[in-house]
Amino acid sequence: MKKIFTNMLPYWYMVLAVLGLLIIQAYCDLSLPQYTSDMIDIGIQRHGISHILPEKITEEEMSYSTLFMDESEKSEWIDNYEKDGDVYVRRSMSESSLDDADEKFLIPIILTQQTANTPEEQFRSSLTPREGFDPQTLTLDEISEQLHIKLKTKVDEDDDGVEKTYVDMRPMMLAMSQNSSGNSGQNSEIRAKMEANIQTVGSKTMMSMAISYAIECDEDAGVDVDSIQKKYLWTQGGKMFLMALFMLAAAIGAGYISAVVGAGIGRDLREKIYKKVMGYSNTEMDKFSTASLITRSTNDVQQIQLVTSVLLRMLMYAPILGIGGVIKVLNTGADMSWIIIASVASILVLVCVLMILAIPKFKSMQKLVDALNLVSREILTGLPVIRAFGREKVEEERFDKANKNLMKTQLFTNRVMAFMMPGMTFIMYATTLTIVWVSAHRIDNGDLQVGAMTAFITYAMMIVISFLMLTVMSVLLPRAGVAADRIDEVLKTDTTVLETESPKHIAAPKGVVKFDNVSFSYPGAEMNALENISFTAEPSKTTAIIGSTGCGKSTLINLIPRFYDVTEGSITIDGVDVRELTKAELRKQIGLVPQKGTLFSGTIASNLRFGDPDASDDELKLAADIAQASEFIEASDDKFERTISQGGTNVSGGQKQRISIARAIVKKPNVYIFDDSFSALDMKTDSALRKALSEQVREATVIIVAQRISTIMNADQILVLDDGKLVGKGTHQQLLSSCDTYKQIAHSQLSEAELAKSTGGDVNE
């Protein structure tokens, strides 16, 4: 995890930009549920009216509205209005002032509203019977006539659809207050009962009742309440639309920048791996293997790139959304936080169980990808050999085994992770049902409104979704963590062939190569591959190396360009130890033709210019003539622009060797090294090539590794290796008489007549 974040440091400014955009997105996302709640509670249920002070109130209603207010409240209430004809119009007030008024006048207004809508039964029971006046038997009109007060009534349906009659008792209460000096004490008693009632009925319900009174007052005063409602709904809807647009823009911006950061990190890692691997010696290449390095620079980097993009979007967004959701939940006043805590705890338990099962498999998956890549690469590159030996069935089984091992691991992890989404869905729906069940009771008690419940459900889902995002990251991070460790292993592995801190330079390059008591052993080997090798290869002379298979010929020449470093002794070029030269300067002196001719995709010309990018067409043609490659190059219509496929698979082995030799000739180095580079050539081509080559490289040092005596018998110096030791050194004639190993090789390849001819005399032994 730490390594993944370390990769983001160069892009810190982009990460901050993503963070800013995610905060904007989260703010918009968290604001929408509150707008929805207000649309339901205020826009629909309250007709767009959010305060208990009516916009307009009739003169009659003004006298009724102050029935249960004390003198100071009554004075403040009236001061909030100015008279305009027969109505009072509310003065301009700030939102905070309206909120304060809501709290201060809540109880008096509710009492007024309830008094205006007293059930008939309650009205009759409140009247005192007397002689000739029985409230239970008289009609409402008769009671109104007896009391000399005009009573207002209205009929409405209750929740069960039964019609009920309600009586407006305020005219009677107003008359009583004007005729009774003790009415203030009665009002105080009624207000105290109402305050106690708020605790049982619920403040939300009380607020709705008070606002319904404001709506009635506005309607009576001629205010178009429907217009207010429409205006409120359109305004809220417009705000929600703008919020959605801002959220969309922020999400697109964050997604784009996250993708740029991920792609940039992928590019940087591939570049770092490439540069690191280019500096590796053969020791490090043997340690990692080509297949593993390919996987690390492609599949592993892709894992990091994917996780980085998702991480910036999800892992950063999840806590912002979760924390914001918790804050919003607390502000709803729903008091159901325990449901969210239980949901989050359930999610964490589910994720922990799944991760305990899956993480070990994630760690082994990348190694299985390496194994599959290795088998695939071997089969594809060795397809002709497989077909020639009829090994198709065996190799299919080998591939199938590696493929099935990876498949089983992936199936296990996928099956484990398959439980995550159903589990998360179950928890989310269970959370929603629990919230609805608990909220239903609270709404029934008047402690909660429908809109608040809707907002709470939405915020709860946001909190759960934020943890769901974290769980998605918990699936991706383990595999990405393994990939990051594998990449880090490559980047932290330094080559054993190090550049010198104080490099020397060759003042006058000539190409004198000297081995001084050189010994070498491969890393981890118990015995030396080469031991006590000493010789000097001089300019204008050819030094040949011959010996049985596995005797160390290729190992010896690999020490010159420092593909490996010697274990003991030293190798010098023009008197300077190769370890004291920079790799670039050292390899500039050498033209190497490896045992296995490697060509690159492109053209013949592009491959030849590996030796010298600035080589002219004439120089390419001259090199091709010397390497005996002109014949098949000129036979093609495209000539030097003939396409070469990857690895040179569309040319023969002999053609590949001749192009490799021409490539070294184009470089014009001081030291030519031919590592068994003539093995695929017929005798005639071999002879013509060596003759043309000797004329071209007359001033250079030539080192030839060969299996055939005929290739090297004219060399100025022949080195005979046997089991890593130098057992013979001299010319062809000298070695035939002094070196048994060389003599055995010569007798195995040449007839007696050919041997006699090569020495200029008879060979009787």
Are any of the side-chain heavy atoms of [X] and [Y] separated by less than 4.5 Å?
| X | Y | answer |
| --- | --- | --- |
| M461 | T431 | yes |
| I339 | V438 | yes |
| Q229 | I49 | no |
| I110 | Q114 | yes |
| E61 | P54 | no |
| I44 | M39 | no |
| D224 | I228 | no |
| Y317 | D29 | yes |

Check: [X] side chain, [Y] main-chain N or O, donor-acceptor pair, under 3.5 Å:
| X | Y | value |
| --- | --- | --- |
| S94 | S97 | yes |
| D168 | T153 | no |
| E73 | D70 | yes |
| D218 | V223 | no |
| S63 | E60 | yes |
| R90 | Y81 | no |
| Y459 | L30 | yes |
| S65 | M62 | yes |
| Q25 | L248 | no |
| T434 | A430 | yes |

To the closest 0.5 Å, what do you measure between [atom1] ([X]) and [atom2] ([Y])?
| X | Y | atom1 | atom2 | value |
| --- | --- | --- | --- | --- |
| I52 | I215 | CD1 | CD1 | 12.5 Å |
| M240 | T36 | CE | OG1 | 3.5 Å |
| R91 | L53 | CZ | CG | 12.5 Å |
| I109 | W77 | CD1 | CH2 | 3.5 Å |
| M169 | L67 | CE | CG | 10.5 Å |
| K239 | T235 | NZ | OG1 | 6.5 Å |

Which heavy atom of [X] sits nearest a heavy atom of [Y], and at what distance?
| X | Y | value |
| --- | --- | --- |
| S50 | D102 | O-OD2, 3.9 Å |
| A116 | R170 | CB-NE, 3.4 Å |
| S309 | G262 | OG-CA, 3.7 Å |
| I57 | C217 | CD1-SG, 4.2 Å |
| A210 | L106 | CB-CD1, 3.8 Å |
| Y64 | P171 | OH-CG, 3.3 Å |

Query raised in the report: Taking atom types as modelled, is there a side-chain donor on E76 or N80 under 3.5 Å from an acceptor on the other?
Result: no
Taking atom [atom1] as the centre, does [X] end up with more than 12 heavy-atom neighbours from other residues, nucleotides or ligands that are less than 6.0 angstrom away?
| X | atom1 | result |
| --- | --- | --- |
| Q410 | CD | yes |
| D84 | CG | no |
| Q236 | CD | yes |

Report task. Identify, with sequence neighbours excluded, every residue that meets side chain to side chain contact (heavy atoms under 4.5 Å, CB included) alongside V310. Result -> L306, M314, M473, L476
Query raised in the report: Listed by chain and number, what are the side chain to side chain contact (heavy atoms under 4.5 Å, CB included) partners of T139, not counting sequence neighbours?
Result: D141, E142
Compile the donor-acceptor pairs under 3.5 Å between side chains in residues 11-23 and protein atoms, sequence neighbours left out, one pair per line.
residue: Y11; atom: OH; partner: G264; partner atom: O; Å: 3.2
residue: Y11; atom: OH; partner: R267; partner atom: NH2; Å: 2.9
residue: Y11; atom: OH; partner: D268; partner atom: OD2; Å: 2.7

Query raised in the report: Is K152 paired with E216 through a side-chain N to carboxylate O contact shorter than 4.0 Å?
Result: no
Report task. Apply side chain to side chain contact (heavy atoms under 4.5 Å, CB included) to I465 and M428, showing your working. Result -> CA-CA 9 Å; I465 288 171; M428 289 174 66; 4.1 Å; yes
